[in-house]
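Protein chains get the first letters and strands the later ones, always in sequence-line order, with residue 1 at the start of each. Keep in mind that what you see is a predicted model, and the values were worked out from it rather than measured.
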Protein chains: 2
Amino acid sequence: MNPVNRENDEAARVADSRLVHDFGLLIKAATRLEQRIDTALRKECEISHTMFEVLIRLCRHPDEEISQRRLADDLTLTSSGITRLIDRMEGSGLVRRVPAPGDRRSVLVESTDHGRAVFLRAAAAHAQVVERYFVAPLASADYGRLTHSLGEIEKALRDS
Amino acid sequence: MNPVNRENDEAARVADSRLVHDFGLLIKAATRLEQRIDTALRKECEISHTMFEVLIRLCRHPDEEISQRRLADDLTLTSSGITRLIDRMEGSGLVRRVPAPGDRRSVLVESTDHGRAVFLRAAAAHAQVVERYFVAPLASADYGRLTHSLGEIEKALRDS
DNA sequence: CCTCAGCAATTGATTGCTCAGTAATTGAGA
DNA sequence: TCTCAATTACTGAGCAATCAATTGCTGAGG
């Protein structure tokens, strides 16, 4: 057997490996899930899933605003990505920029009344999809395990 | 308490809910993981993670080519997305388009020798990241559970 | 046999991100 | 006190996806 044929077999073996399949499954499930939520939110609330993720963080602690820097890190966007995302959200009246007291480089973001109202409607749509495709398909013991595992993965990524 | 304040509290409660946190974790873990792999592959093999996913599928069954349609469905891309992706891959000599016998609408794609060689190097880089951030952080019992759960989710999404 | 609804791939226009580079601001060390 | 490296947000250019519209092809029903 010539070297190229051997390489083909090796490639086939690797492409079919457990690791590749399993990891592919994670990416596929996450992608499809996010896509469903995105289209549901766009249809029912005129916002993207990314905007929803921003609103979550702004509504979580109603008293304290959050810096763009922190939002970018949390959403895994670059600072320029966040700048433009907040531009759009500010443009549609969902959030407001306020100067950060004590650090004039930084910009804080807070949700508007309208933003919170949209968030509540969006959360309902979100819950419906999540309930159906993330919670319902799993035995309840598995659900807890799954989120625990995801937490471990996230921690490993953060610590490096 | 006026209605707006009540709405704020409600928003804070929802934004802090179990469902929102857990689902956020899935998205975050998947995004960060994919990002790591993408940058590793770009650095070491000059391909994107998406291209790698194409190569996986083409190398898996070396004898049979795969249609663009099937690739698009599998990678959750639109058909126009796949057209341009294959354009780029063909441009850098990773794959080849061949007319589908028996259906002249359809285009089949197959990997080139170069594509398979790149795939083998890429798979090594991929394995390193996956091993470290997906396998290592988990107890081995949890790993099996996790992939099983992901499979269930994927199935629920597919059946709808 | 012909028609016509439906599917595959492609293309132009648009969107939402990244990267690279800039300007303002900060804080730590000489 | 001054300097300078690091940090924040922003901007222009570019890239990879989407959507919408088009073309070519297929197969089922009249």
Among residues 73-85 of chain B, which ones have heavy-atom contacts with DNA chain C below 4.0 Å? B/Ser79, B/Ser80, B/Thr83, B/Arg84
A/Arg105: partners by salt bridge (Lys or Arg N to Asp or Glu O under 4.0 Å), with sequence neighbours left out: A/Asp103
Determine, for B/Asp87 against B/Arg84, whether the closest basic-nitrogen to carboxylate-oxygen distance falls under 4.0 angstrom. no
Is there a residue in residues 96-105 of chain B whose heavy atoms reach under 4.0 Å of DNA chain C, and which residues are they? B/Arg97, B/Arg105
Calculate, to the nearest 0.5 Å, the distance between atoms CG and CD belonging to B/Leu25 and A/Glu152 respectively. 10.0 Å
Sequence neighbours excluded and cut-off under 3.5 Å, please list the side-chain donor-acceptor pairs for residues 11-22 of chain A, or say none.
from    : atom 1 : to       : atom 2 : distance (Å)
A/Arg13 : NE     : A/Glu10  : OE1    : 3.4
A/Arg13 : NH2    : A/Glu10  : OE2    : 3.3
A/Ser17 : OG     : A/Val14  : O      : 2.9
A/Ser17 : OG     : A/Val20  : N      : 3.4
A/Arg18 : NE     : A/Asp22  : OD2    : 3.2
A/His21 : ND1    : A/Asp16  : O      : 3.3
A/His21 : ND1    : A/Ser17  : O      : 3.4
A/His21 : NE2    : B/Arg60  : NH1    : 3.4
A/Asp22 : OD2    : B/Tyr143 : OH     : 2.7

Can you give me the first and the last nucleotide of DNA chain C (5' to 3') that has an atom within less than 4.0 angstrom of a non-hydrogen atom in chain A? C/dG16 to C/dT26
Near DNA chain C, counting only heavy atoms under 4.0 Å, which residues of residues 33-70 of chain A show up? A/Arg42, A/Thr50
Give, for atom CD of A/Glu90 and atom OG1 of A/Thr112, the distance between the pair rounded to the nearest 0.5 Å. 10.0 Å
Salt-bridge present (B/Glu44, B/Arg121; N to O < 4.0 Å): no
Inter-residue atom distance A/Asp142.CG - B/Ile153.CD1, 0.5 Å rounding: 10.0 Å
Examine B/Val130 and B/Val54 and state if one hydrophobic cluster contains both, with Ile, Leu, Val, Met, Phe, Trp and Tyr joined whenever side-chain heavy atoms are less than 4.5 Å apart. yes
Before you tell me yes or no, could you show the steps for A/Asp113 and A/Arg116 under salt bridge (Lys or Arg N to Asp or Glu O under 4.0 Å), namely the whole-Å CA-CA distance, both residues' side-chain angles and the distance that decides it to 0.1 Å? CA-CA 5 Å; A/Asp113 287 348; A/Arg116 280 183 293 274; 2.7 Å; yes
Value rounded to 0.5 Å, distance of CG in B/Leu58 from CE in B/Met51: 12.5 Å
Do B/Arg36 and A/Ser160 have side-chain atoms, one donor and one acceptor, less than 3.5 Å apart? yes
Indicate the ring-plane relationship of A/His126 and B/Phe23, choosing parallel, tilted or perpendicular according to the 30° and 60° boundaries. perpendicular
